Structure formats: structure tokens, C-alpha cells
Amino acid sequence: MKTPAMGALVLAAASLQAAAATAPQFDMAEYRQNVKTLASDEFEGRAPLSEGETKTINYLKGAFIKAGLKPGYFGNYFQPVELGRITASQDMTLKVGDMQFAPGSDFVAVTQRFTKQTKLDNSDLVFVGYGIHAPELGWDDYKGVDVKGKTVVVLVNDPGFATQDPEVFRGNTMTYYGRWTYKYEEAMRQGAAGALIVHETKPAAYPWGVVESGAVGAKFTLVDDTDNAGKLSVRGWLQKATAEKILKAAGEDYAKLKAAAAKPGFKAVDLHLPANLTLNNDLKRGTSHNVVGMIPGAKYPDEYVVISAHWDHLGRNPNLKGDQIYNGAVDNATGVAALVSLADAFKGTHPERSIIFTAFTGEEQGLLGATAFAAKPPAPTKDMVALLNMDGMNVSGKVDYALLFGRGQNELEEYLAAGAKAQHRHIKDDPKPQDGYYFRSDHFALAHKGVPGLLFMSLGANSPDYIAKRYHKPADEYSPDWDLSGTEEDMTLLYGIADKLANSRDWPKWYQGSEFKAAREKDKE
């Protein structure tokens with residue numbers, strides 16, 4: 001994918017440097033207190049539909065009012081987000097032909113259908129390679145095959161990762177088509193009854209244990225007026241060894257099919273094996289909330305810059321010994337506290353365009369709050385200039401770079417480069433592009449509607465033990481030893497970009513070849 005060179009926009013580092021220079025001094029003592037409070041045991045890990053949610057959203061509403069923000073969602077600070085909580089019993093068995101597989105060790109399965117029972121009933125298995133339908137890339141794994149009522153077996157990631165060829169998709173850099181969420185979405189569009197993704201640690205970017213733990217216990221989903229009848233009956237994962245056994249029973253070789261699937265023109269393979277699986281589900285409904293505040297634009301009030309962070313985390317696990325609370329200090333009390341600080345920074349500035357500040361619910365459950373926001377936004381998405389999203393700030397001191405996630409997606413990366421240059425920093429690309437972080441945070445939900453997004457995330461990028469020892473663990477707790485100078489520098493950078501967007505006629509565009517360019521063009525029609 002070709003990226004326009006700097007200067008393609010009427011954008012100069014000097015303008016962002018001027019914006020940064022006029023940014024107010026952030027009150028880092030107040031920022032620290034906000035993180036400490038939100039990540040405290042009192043807030044119980046900030047799970048949706050919990051007492052922790054009530055405390056969190058009221059705390060943020062008070063902070064927004066203090067910052068002078070107006071109610072941002074049709075006269076309210078809260079956007080209701082209707083959620084269904086589905087807990088699948090683990091007393092289940094996947095039967096494929098004469099074979100039987102056990103939950104956890106061999107496979108996992110969940111559903112988004114809000115019903116007491118879902119099942120695969122003699123659903124024929126079809127191997128569809130990477131399960132990608134991408135007309136703009138001339139790639140269609142579903143060409144010539146009808147999978148309606150059947151269950152597709154799908155490889156994780158995309159052919160670019162498999163081949164490491166930069167001319168195939170984006171090579172080592174994961175595309176949207178490589179994300180497991182896309183695999184399920186496309187299978188649903190194709191009319192499949194179920195989809196089973198084959199797990200391999202390297203292309204998935206996480207071990208089987210993450211998949212297994214993610215499928216056990218209560219799962220949240222948005223619920224439509226049909227109780228999600230149009231969703232897949234079963235969304236699952238297969239251990240690689242399980243997939244190999246299934247394919248062998250069908251007279252196929254996993255390694256050979258995987259190699260063939262990475263080449264253009266791959267044709268799906270009907271395995272002529274029926275799958276049977278029954279999920280018995282415990283159900284509960286509830287209303288969660290996004291928190292939304294706004295500064296009305298002084299000159300162009302119907303054009304919007306959106307700044308966001310997710311307030312939720314994983315709550316409490318009573319089955320754990322010792323510490324049972326997932327405090328989510330870095331992920332994402334740091335981000336939502338930065339949202340409050342930026343709201344404070346814009347207080348009394350009277351930007352030309354409106355600025356929406358939103359704290360999303362349900363990010364950890366699959367970008368649920370952001371998806372609800374995109375579906376019923378407080379303003380038309382075609383009028384949203386850009387979204388700046390924060391998900392885990394740098395608490396380990398200053399660095400001489402700014403991280404760029406999603407290189408080659410949209411022109412906001414030029415704003416980031418110019419702003420970093422004004423701070424005498426350089427751009428450092430996502431150190432793990434194969435992991436697809438650009439597709440794993442809230443801006444992604446708005447990208448589906450065509451709104452260009454920029455992700456600000458550290459998540460321990462300069463703290464090597466964070467992912468291994470604290471990420472999504474009770475150990476992600478606030479520490480008074482944090483060095484917040486890097487956080488302050490990033491908030492200054494963010495302020496400069498937001499100020500530039502809010503006080504100009506700029507409309508950042510998606511680059512040619514981006515998966516989301518067509519959505520913006522359609523939205524603007």
C-alpha cells in the first residue's frame with residue numbers, strides 16, 4: 001500500500017508545534033488521582049452491569065461537568081447500551097462424524113444469539129481457507145461454494161502473514177481480514193450456521209490459554225429486537241490438533257490445505273462430515289452506558305472531532321485465590337483519565353468545530369459501547385472529522401518516539417508525525433504489526449462507518465514485562481512509582497492534533513487501498 005508523503009496535506013509541523021505550545025499545563029497530580037481512584041478496589045474492576053459501572057460512570061459524569069462539557073448524547077451525559085449476558089454451560093461435546101471433542105482441551109464455543117439453547121444440528125463442515133471475501137483485492141474464499149446452514153472451518157490471520165510476502169495483503173502486517181472478528185462476520189454474511197477458527201499461536205498472536213479463558217464464563221453482546229437471530233448459532237475455535245484430526249478423517253491434509261489457502265484462487269473444500277453441538281445458555285439482560293460530553297463548535301457546530309477511551313475492564317473473578325479484582329489501571333484507567341485531562345485542557349477554548357468526548361463501555365467484550373455509539377451516534381458519522389482514541393497510556397517515562405498503529409490506513413498518521421516532530425520525537429511503527437492492534441480498540445467500530453481513527457496506545461511498549469505479567473491480570477494495578485512524564489508528553493501531542501482538527505477545514509482521508517475508504521465514500525453520498 002502506498003502512503004502519501006508528508007506534505008500531501010496542507011499540514012506543517014509548525015502549526016502543531018504552535019498548538020502544543022498553547023496547550024495548558026496538565027495537572028498531573030489530578031491525573032494521577034483520577035487513575036488511582038478509577039483503578040481502586042472500590043470500583044471493583046469496572047465491569048459493565050456491575051456496581052463498579054455505576055460508580056465509574058457517575059464519577060466520569062462529574063468530571064465532565066467540572067470540565068465544562070455539555071451533555072453530549074441528545075441532552076444526556078449517558079448513552080444507554082442494551083447488553084445481553086450469555087453464559088454457556090461447559091457441559092458440551094462437539095461431535096464430528098464418529099469423533100467427539102471436549103470443551104477447553106479440544107475446542108471452545110460461544111454464541112451471540114440471546115436464546116436458552118443454540119446448536120449445530122448435522123451441519124456439514126466446509127474448509128474455507130482464510131474465510132476472506134475481499135473484492136478490492138481480488139480475493140474470495142467463498143467463491144463457488146454455498147455454506148448456508150453449514151459450518152465453516154477457517155484459518156486465523158490472513159495470507160499476507162502466511163506468505164510473509166509484502167505484495168500479498170500487507171505481508172506481515174495484519175489486515176482487518178485477518179482478525180477473528182471478521183471471520184465470524186463474513187461467515188454470518190455468507191449464511192453459515194457456525195464458524196470454527198483453527199488456533200495457532202503465532203498467527204493468532206496469543207496462546208490457546210487466552211482463547212480458552214475468553215470463552216468461559218459470562219460473555220456480553222449487543223442484543224437487537226430479534227434477540228440476535230441473525231447471528232451465528234456457534235462461534236468457536238479449534239485446537240490445531242483437533243482440526244488436523246477432522247481433516248484427516250475427511251481424507252485431507254491440514255498442512256497442504258493451509259498452504260493452498262494462502263494462494264489466489266483457492267477453492268473451498270466440502271469435508272462431507274456433519275457437526276453436532278448444543279450450547280445451553282444462562283441469560284441476563286441489562287443496560288450499560290457510554291459517557292458522552294461535548295464542547296459545541298463556535299463556528300462549525302455541525303462538524304465533530306471525537307476523542308475517546310474505554311472506561312470498562314474485567315471486573316471481579318470470585319474463583320481466583322487471593323486478589324480477585326482486575327483493576328485495569330493501565331488498561332484503561334490511564335486512558336479514561338487522559339480523556340478527562342484533555343476535556344479540562346479544552347475548557348474555555350471555544351474551538352471552531354464541536355468536540356465530543358466519550359468514554360465507551362464494553363470494549364473488553366468486543367467494542368460493544370463503540371459499536372452502539374456508531375449505530376446510534378449523537379451526530380451523523382459523515383460529519384465526524386476524525387476520532388482520536390486512547391487505550392493504555394505510557395506510565396514508564398518519556399520516550400523519543402510516538403507509536404503509530406495502522407500505518408497506511410489514513411492521513412491522521414501525518415498529523416501524528418508532524419506533532420511528534422514538533423516535540424523532537426520520531427515515529428516508531430507498531431512493533432508487532434502481525435498482532436493487528438489497530439483492529440482491537442474502539443476507533444475500529446467507527447472505522448466501519450468510515451470515520452478515520454488514530455490509536456494512542458502504549459500497553460507496556462517500553463515496559464517489557466507488562467503484557468506477560470500484568471495485562472488482563474489482577475496485577476494491573478496503580479503504582480505511585482509510575483513516571484507520568486511520558487503520559488504528559490503524549491497528552492500534549494494529542495491536544496495539538498485535536499486542536500488542529502477542531503480549528504481548521506481539514507478532513508483527513510483514508511488512503512487508497514484501506515479497507516475503510518469505501519465506507520467513508522458511501523457515508524458521504
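Nothing here was measured: the structure is a model prediction, and the numbers come from that model. Position 1 is the first residue of the sequence, and the numbers go up from there.
Shown here are the salt bridge (charged side-chain N to carboxylate O under 4.0 Å, His left out) partners of D429, two or more places apart in sequence or in another chain: R407. Residues satisfying the side chain to side chain contact (heavy atoms under 4.5 Å, CB included) criterion with A249, sequence neighbours excluded, are M99, L273. Taking K231 as the reference, nothing meets the salt bridge (charged side-chain N to carboxylate O under 4.0 Å, His left out) condition, with sequence neighbours excluded. Partners of D224 by salt bridge (charged side-chain N to carboxylate O under 4.0 Å, His left out), not counting sequence neighbours: none found. Residues satisfying the salt bridge (charged side-chain N to carboxylate O under 4.0 Å, His left out) test with E521, not counting sequence neighbours, are K517. For L314, the side chain to side chain contact (heavy atoms under 4.5 Å, CB included) partners at least two apart in sequence or on another chain are Y326, E364, H472. For the side chain to side chain contact (heavy atoms under 4.5 Å, CB included) test, residues two or more places apart in sequence or in another chain that qualify with D323 are I325, N327, P474, E477.
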Show me, pair by pair, the donor-acceptor contacts under 3.5 angstrom made by side chains of residues 377-384, not counting sequence neighbours?
from : atom 1 : to   : atom 2 : distance (Å)
T381 : OG1    : D523 : OD2    : 2.6

Taking only distance into account, with no hydrogens and no angle test, what donor-acceptor pairs under 3.5 Å do side-chain atoms of residues 181-189 form with protein atoms, sequence neighbours excluded?
from : atom 1 : to   : atom 2 : distance (Å)
Y182 : OH     : H133 : N      : 2.8
Y182 : OH     : H133 : O      : 3.4
Y182 : OH     : E186 : OE1    : 3.2
K183 : NZ     : Y130 : O      : 2.8
K183 : NZ     : L155 : O      : 3.2
K183 : NZ     : N157 : O      : 2.6
K183 : NZ     : Y177 : O      : 3.2
Y184 : OH     : G236 : N      : 3.4
Y184 : OH     : G236 : O      : 2.8
Y184 : OH     : W237 : NE1    : 3.4
E185 : OE1    : Y176 : OH     : 2.7
E186 : OE1    : R189 : NE     : 3.1
E186 : OE1    : R189 : NH2    : 2.9
E186 : OE2    : Q190 : NE2    : 2.9

Can you give the donor-acceptor pairs under 3.5 Å from side chains of residues 443-453 to other protein atoms, not counting sequence neighbours?
from : atom 1 : to   : atom 2 : distance (Å)
H443 : ND1    : N389 : ND2    : 3.3
H443 : NE2    : Y438 : O      : 2.7

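Between the T242 side chain and the L238 main chain, no donor and acceptor come within less than 3.5 Å of each other. Remark: the backbone N or O of D312 is not paired with any side-chain donor or acceptor of N332 at under 3.5 angstrom.
Within a 6.0 Å radius of NZ in K245, no more than 12 heavy atoms belonging to other residues, nucleotides or ligands are found. Heavy-atom contacts from other residues, nucleotides or ligands closer than 6.0 Å to CD of E167 number 12 or fewer.
Residue pairs meeting the salt bridge (Lys or Arg N to Asp or Glu O under 4.0 Å) criterion with at least one partner in residues 277-287, sequence neighbours excluded, are D227-R285. The side-chain hydrogen bond (donor to acceptor under 3.5 Å, both in side chains) contacts involving residues 78-107 comprise Y73-Q79, Q79-N290, E82-T287, where partners must be two or more places apart or lie in separate chains.
Separation of atoms CG (L454) and CG (L404) is listed at 7.0 Å; rounding is to 0.5 Å.
Cation-pi check for K524 over W507 is met; the charged atom lies under 6.0 angstrom from the ring centroid and within 45 degrees of its normal.
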